Amino acid sequence: MSISLKRVRAIFVKDYKEFSRNYAVSIILIFPIIFALLLRGTDPSLTGVFGLVLNSSFVILTTFAQACLIAEEKERNTLRSLMMTPATTMDVLIGKSTLVFAMSAVVLAIATYIFGYEPVNIWVFVAVIILSIILYTAAGTICGLFSKTLLEASLSIIPVAIVFTGAPGGALLVKDFPIFKVLEYVPSSQLVNLLNIRNIGYTTGDLLKPLLVTLAWTIVFIIVAVVLYQRRLKDE
Amino acid sequence: MNVIQVEHIRKRFGNKDALADVSFSIPKGEIFGFLGPSGSGKTTLIKILTAQLHPTSGQARVLDQPAEMMHHSVQKMRFGILTDNSGLYERLTIEENLELYRQLYALPKSSISKVLQFVNLSEERNKRVNLLSKGMRQRVMLACAIIHEPELLFLDEPTSALDPVNSAHIYKGLRYLHEKGTTIFLTTHDMAEAELLCNRVAILYQGQIQTIGSPKELKRQHRENVVCVDLINGEAYELPIDEGTADRIADWMKRGLIDRLATKEPSLGDIFIKMTGSELL
Ligand SMILES: Nc1ncnc2c1ncn2[C@@H]1O[C@H](COP(=O)(O)OP(=O)(O)OP(=O)(O)O)[C@@H](O)[C@H]1O
Ligand SMILES: [Mg+2]
């Protein structure tokens, strides 16, 4: 399957124009910033709070925006029209995802700055955030593919919110419910673990574990999203 | 050279044949009308020819390639398609919609003005699509389908639910494309439209082509062998074409009694109803 940068850019620009005029959806861009503003006064040692800001922003902003972009193209039949042009599946997916990625990255950078969080290792932190954005974009793609309308897209992110944003909270109950041990391995829990690493007494392994676990999730989600995208848009 | 060549195409959905056994070919430059009642498989065939569906059996060649090849970007540069489920970006203007297509097809900037003129929307180019009437919308979608000047154009009911003025706009455009040598595959429920535009038509029913030919040929084939005579006193006759009739007509003529004299040609609609046993939809 060929990818053309020109076509990817055309899709990106088109989606940017559409998104910026869709006030009902583009308003979500300010939520992470409002969260950060509201919660920034809290004790800085409470990194869990910042984890919550990030983990909920990923779903509300990244997953939701991508799901809406895809569901709307399906609802309006524009995706079908696009598929009849030289644009390939990957051109369309990459063009859209790049927009959602760029918006998420900028907004989360601002939120991080406002909140005043300083990571122990900036590179690992940035890498995990980048992987997470890609992961949640892929999740949004999957949600969008399963919904026919914008409304369905908004509802479809609820399971993602429960599993992903809720996992770190669930993981706290591991003493009572050993089964919740698996929630430790959800990327949102890994992110909280990473944020919890203090300046003293951590090993490279402590840093690498969240990175690798998130990477694995990201790869799996990308594959699922691409395969599903190609399947769901066939007529049979 | 045949632009489309279809051989024994069959398409089964579940346990029902949408297309049972369809064969025909379309030479370059023809406007071909594919007629049939609702659910007869017209859209299904277009999907097969544009690689959106695989046939259950049979072979189709499009633009000298197997139809499956039509999902390749290179082949997509060569055809255009407008269907009942084409869509436009509602929050973008007409021009912004076309700009997307221009870039996807890697065309020069001038192609937008050219195609806007073609569909008669140059004045409205900066209007948002969500403000357009249905007729304008359809013309924008046509513009998107032909901006790259394809060799082959698929049109699935391009004028359904349009008023005559908008339809006429589209016909004018199609005739112009036809003059430039574009091959056009058209489905429609409008028999007058088929008669007006198409070099040849096929009537599809129960998954098979019931008849195929130019509208003129079909009418001749299905002509009833009678003449209709209206007399000035208001009497009307349908008479067999034979010697007796010739004498009667000669007599009426001599006496100056004939108001109208015509052979009885069926309209394309009549032929359609005869072939499909169904009312026009
Ligand atoms: N994806 C599908 N799955 C199952 N059945 C289908 C599918 N697509 C079409 N059909 C069936 O195949 C038959 C032909 O449908 P098709 O859309 O090709 O008809 P059509 O001639 O285009 O009708 P219309 O004039 O209403 O557009 C119909 O009975 C339809 O229900
Ligand atoms: Mg149809």
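This one's a predicted model, so the numbers in the text were calculated from it and none came from an experiment. Residue numbers begin at 1 in each chain, while the letters A, B, ... track the order of the sequences.
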Which atom of A:T85 lies closest to which atom of B:L104, heavy atoms considered: OG1-CD1, 3.6 Å
Over 12 foreign heavy atoms within 6.0 Å of OH, B:Y105: yes
Distance in Å, A:R80 CZ paired with B:T83 OG1, rounded so as to fall on 0.5 Å steps: 7.5 Å
Atom group of B:Q75 that falls short of 4.5 Å from chain A, counting heavy atoms: neither
Selection from B:H148, B:R128, B:M141, B:M70 maximising heavy-atom pairs under 4.5 Å formed with chain A: B:R128
Validation row: B:S73, A:R7 side chains within 4.5 angstrom (heavy atoms): yes
Test salt bridge (charged side-chain N to carboxylate O under 4.0 Å, His left out) applied to A:E72 and B:R91, step by step: CA-CA 12 Å; A:E72 189 173 39; B:R91 294 183 202 88; 2.7 Å; yes
Crowding at CD, B:Q59 (>12 non-hydrogen neighbours, <6.0 Å): no
Side chain to side chain, A:V13 and B:L100, heavy atoms closer than 4.5 Å: no
Side chain to side chain contact (heavy atoms under 4.5 Å, CB included) evaluation trace for B:Q52 with A:M83: CA-CA 9 Å; B:Q52 300 177 64; A:M83 281 162 49; over 6 Å; no
Pairwise side-chain contact, A:N77 with B:S86, heavy-atom cut-off 4.5 Å (strictly under): no
Greater than 12 external heavy atoms within 6.0 Å of B:R78's CZ: yes
Side-chain heavy-atom pair B:Y89, A:E73 within 4.5 angstrom cut-off: yes
Side chains of B:C144 and A:S81 in contact at under 4.5 Å (non-hydrogen atoms): no
Spacing of A:T88 atom OG1 and B:K76 atom NZ [to the nearest 0.5 Å]: 8.0 Å
Carboxylate-amine/guanidinium contact B:E96 A:R21, below 4.0 Å: yes
Within 6.0 Å of OH in A:Y16, more than 12 heavy atoms from elsewhere: no
Taking every non-hydrogen atom, the tightest pair across B:L92 and A:K17: CD2-CB, 3.5 Å
Pairs of heavy atoms under 4.5 Å with chain B: top-ranked of A:M84, A:R9, A:K6: A:M84
Heavy-atom side-chain proximity of A:K14 to B:Q103 below 4.5 angstrom: no
